[in-house]
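Treat the numbers as computed from the prediction; the structure is a model and nothing was measured. First the proteins, then the strands, lettered A, B, ... as listed; each starts at 1.
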Number of protein chains: 2
Amino acid sequence: MSAPPPNERTGRHGPTIRDVARIAGVSIGTASKALNSNGRLRQETRDKVTTVAREIGYRPNDMAQSLHRTRSMTVGVLSTDSFGRFTLPIFQALEEQFADRGIAIFMCNATDDPERERQHLDQLLGKRIDGLVVTARRADKRPPVGPLPAGLPVIYVFSQADDRDALCLLPDDEGGARLAVRHLGEVGKRRIAHITGPEHFEAVQLRRRGYLSALAELGLAAHPEFYLSGKWTEAWGRDAVAALFDGKTDRPDAIFCGNDLIARGVVDALRERGIAVPGEVAVAGFDNWDVMTAAARPPLTSVDMNLSALGHEAGRLLIEMIGGETVRGIRRLPCTLVVRESTSTST
Amino acid sequence: MSAPPPNERTGRHGPTIRDVARIAGVSIGTASKALNSNGRLRQETRDKVTTVAREIGYRPNDMAQSLHRTRSMTVGVLSTDSFGRFTLPIFQALEEQFADRGIAIFMCNATDDPERERQHLDQLLGKRIDGLVVTARRADKRPPVGPLPAGLPVIYVFSQADDRDALCLLPDDEGGARLAVRHLGEVGKRRIAHITGPEHFEAVQLRRRGYLSALAELGLAAHPEFYLSGKWTEAWGRDAVAALFDGKTDRPDAIFCGNDLIARGVVDALRERGIAVPGEVAVAGFDNWDVMTAAARPPLTSVDMNLSALGHEAGRLLIEMIGGETVRGIRRLPCTLVVRESTSTST
DNA sequence: TTGAAAGCGCTAACAA
DNA sequence: TTGTTAGCGCTTTCAA
């Protein structure tokens with residue numbers, strides 16, 4: 001039975017390196033070297049210290065460490081418009097990137113409340129974050145966050161700051177739309193309609209532009225009556241089909257939809273009219289939202305914004321900036337087309 | 001033109017209280033008192049200090065502060081099964097609770113990877129979090145996280161730890177199911193079926209129990225052939241309707257579904273058979289997932305698990321525990337029924 | 001090879 | 001009313 005270690009008073013934050021040193025019978029400096037595999041130490045001493053550390057459950061206090069380093073090894077993620085379907089995969093990928101480098105994430109949410117945003121920012125700055133990620137659900141331009149200390153790396157993901165020096169990462173909506181429409185052309189469709197969401201969304205405008213440019217590429221005419229802007233809902237998809245088909249002779253043979261909800265409404269409405277998808281009319285969506293693409297009959301071809309990749313890239317860039325690089329401007333990452341039965345029976 | 005302040009070397013983490021003191025021409029102690037509205041100080045001095053602090057953009061370093069306090073004013077949220085539809089509202093509410101008290105959240109994600117979980121935990125403990133929230137997508141029992149320093153408050157939300165001393169917060173699935181079935185009885189239905197998900201989910205078992213007990217309450221018989229367990233998908237909902245209705249004379253007049261996806265499949269299948277909802281068959285879902293309840297035709301009556309409330313309560317409890325209270329055991333929070341047209345034409 | 005001590009930025013106790 | 005100082009837990013010279 002060994003005597004209990006003398007005076008084992010541990011610090012308020014758990015055992016400290018001082019405790020380790022005392023119990024191991026070495027100086028604090030020695031303990032530090034041993035624990036950080038630094039300096040020259042006898043192997044024996046090293047072992048003794050690490051053993052003691054393990055035994056008493058010592059874990060270095062990051063806050064104390066950060067006081068020395070110029071890094072806190074934390075970043076903030078500030079969502080200005082809650083968390084949703086879109087920000088989630090982005091966050092997931094971000095998290096992975098940072099976790100791999102031992103960087104912890106402070107997560108904040110300021111749902112369209114500038115006051116709350118200010119509070120969160122204050123808190124984050126108090127924590128001495130090394131970088132900041134700003135996310136939003138919509139790609140609308142927003143005023144830059146701030147004021148921020150000069151030199152703090154900031155990246156806007158799935159969101160745009162009204163500041164030309166800001167770094168913004170966005171999906172290439174236009175390119176994505178082009179992919180989908182091109183594909184519709186390639187499966188032989190010539191009369192391609194576009195049913196989409198509210199025009200005040202930048203994404204709607206960009207996707208429309210992609211739609212038009214792809215039509216041009218394909219040498220197809222853009223019928224103005226084949227472009228319908230409405231809501232982001234299934235109901236709108238159904239209504240639009242009614243407008244496009246009921247009592248019309250001039251019908252489209254393909255529909256590119258602004259999102260998957262609309263696309264689902266569209267295939268439902270077509271099925272109810274006995275119009276074969278994709279035989280008579282092919283349908284493509286946008287977002288590649290599994291719940292929708294899978295449940296639709298037939299499963300939906302859809303444009304994937306590769307939000308994971310977006311998140312990864314955001315993490316990578318922020319880490320670069322923290323390392324001292326200067327990055328700025330708007331970057332758009334490519335989308336991918338995922339082909340399913342709604343455009344191609346050969347699946 | 002005033003002379004530049006002498007030797008304005010600021011610390012590596014930005015201006016320090018020492019800078020403030022020097023520029024304001026007072027001692028550090030005085031500056032501290034002024035900035036924290038502590039002790040007795042001349043109003044003049046107080047003002048001078050705060051002015052300087054504002055001017056040079058001084059912001060106290062939380063990490064340095066935490067070294068003194070016994071609290072770090074941070075908590076960790078560890079999601080053991082990614083983030084999804086269910087954990088999101090919970091997190092949102094948690095965030096609100098903590099933000100109000102100036103507590104920052106470290107967000108981690110260890111998707112079913114024990115190794116990663118261990119890493120994250122290590123990191124969080126290094127950051128000296130004051131408390132820990134563990135979330136999961138499924139309510140399956142999981143081994144308790146750990147090892148953790150004694151006395152660290154932990155709460156499992158939407159997840160259960162295999163440890164009787166753990167505090168777990170869950171929705172009352174059984175009660176929720178009872179609400180729905182009772183309601184179906186109240187609108188005059190007598191032959192109530194239950195189409196639900198895989199039986200290995202505890203939620204499936206609990207909801208079934210609620211279904212059965214409500215039937216008993218209503219004095220209705222439980223037809224074994226009216227209980228169908230399958231997948232959590234729309235397709236299963238449709239298939240189950242086929243099984244229940246096609247070529248059968250012994251049909252139900254109401255269906256309580258294990259989730260909204262199934263319910264949506266059910267109403268779609270019924271509509272395709274020309275069976276009126278809710279006239280001939282009423283349908284209720286579970287989850288109250290807006291995307292589904294709204295898009296279904298007719299809109300779905302559904303059980304809401306009140307995940308926001310769950311998150312709020314989790315935050316409240318964890319804060320209590322941080323304050324020294326001891327809370328343990330499994331707590332189930334009530335669900336709410338949201339009535340829509342799939343069960344009641346009177347909406 | 002090890003120990004002592006200064007200092008990261010801050011607070012709080014004690015002196016002046 | 002203000003200044004001085006001893007830590008919080010850690011790393012990093014510099015001495016021994």
**Message:** Taking only side-chain N and O atoms of B:N38, does any of them lie within less than 4.0 angstrom of OP1 or OP2 on C:dT11?
**Reply:** no

**Spacing of B:R71 atom CZ relative to C:dT11 atom P, expressed in whole Å** = 18 Å

**Prompt:** Among all residues two or more places apart in sequence or in another chain, which pass the side chain to side chain contact (heavy atoms under 4.5 Å, CB included) test with A:I28?
**Reply:** A:I17, A:R18, A:A21

**Message:** Tell me the interatomic distance from A:M73, atom CE, to D:dC10, atom P, rounded to whole angstroms.
**Reply:** 17 Å

**Item:** Rounded distance (Å) that lies between atom P of C:dC10 and atom CZ of B:R22
**Value:** 13 Å

**Asked** What's the OH-P distance between A:Y58 and D:dG9, to the nearest Å?
**Response** 10 Å

Quick test: give all pairs of protein nitrogen or oxygen and nucleotides 1-3 of chain C nitrogen or oxygen below 3.5 Å, distance rounded to 0.1 Å.
residue: C:dT2; atom: OP1; partner: A:R42; partner atom: NE; Å: 3.3
residue: C:dT2; atom: OP1; partner: A:R42; partner atom: NH2; Å: 3.0
residue: C:dT2; atom: OP1; partner: A:T45; partner atom: OG1; Å: 2.6
residue: C:dT2; atom: OP2; partner: A:R42; partner atom: N; Å: 2.9
residue: C:dT2; atom: OP2; partner: A:T45; partner atom: OG1; Å: 2.9
residue: C:dG3; atom: OP2; partner: A:S27; partner atom: N; Å: 2.7
residue: C:dG3; atom: OP2; partner: A:S27; partner atom: OG; Å: 3.1
residue: C:dG3; atom: OP2; partner: A:T30; partner atom: OG1; Å: 2.7
residue: C:dG3; atom: O6; partner: A:K33; partner atom: NZ; Å: 3.0

Please list every donor-acceptor pair under 3.5 Å in which a side-chain atom of residues 320-330 of chain A meets a protein atom from a residue at least two apart or in another chain.
residue: A:E320; atom: OE2; partner: A:R316; partner atom: NH1; Å: 3.0
residue: A:R328; atom: NH1; partner: A:D165; partner atom: OD1; Å: 2.7

**Message:** Any salt bridge linking B:E96 with B:R101? Criterion: basic side-chain nitrogen under 4.0 Å from a carboxylate oxygen.
**Reply:** no

**Request:** Write down the distance between CG (A:L67) and P (C:dT11), rounded to a whole number of angstrom.
**Result:** 12 Å

**Prompt:** Any side-chain N or O of B:N36 under 4.0 Å from OP1/OP2 of C:dT11?
**Reply:** yes

**Request:** Please name all residues satisfying side chain to side chain donor-acceptor pair (under 3.5 Å) with B:Q123, sequence neighbours left out, ordered by chain then number.
**Result:** none

**Item:** Partners meeting ring pair (Phe, Tyr, Trp, His ring centres under 6.0 Å) with A:F86 (sequence neighbours left out)
**Value:** A:F158

**Message:** Whether B:Q65 contacts C:dT11 is assessed here as follows: a side-chain N or O lying under 4.0 Å from the phosphate OP1 or OP2. Is that the case?
**Reply:** yes

**Asked** Quick one: A:R69 CZ to D:dC10 C1', roughly how many Å, whole number?
**Response** 9 Å

**Asked** Between B:L35 (CG) and D:dT2 (P), how many Å, whole number?
**Response** 14 Å

**Asked** Rounded to the Å, how far apart are A:I17 CD1 and C:dC8 C1'?
**Response** 15 Å

**Request:** Report the C-alpha separation of A:Q92 and A:H312 in whole Å, then their side-chain angles, then the decisive distance to 0.1 Å, and conclude whether the side chain to side chain donor-acceptor pair (under 3.5 Å) test is met.
**Result:** CA-CA 9 Å; A:Q92 207 113 322; A:H312 257 93; over 6 Å; no

**salt bridge (charged side-chain N to carboxylate O under 4.0 Å, His left out) contacts in which one or both residues fall within residues 44-69 of chain A, not counting sequence neighbours** = A:R59-B:D122, A:D62-B:K127

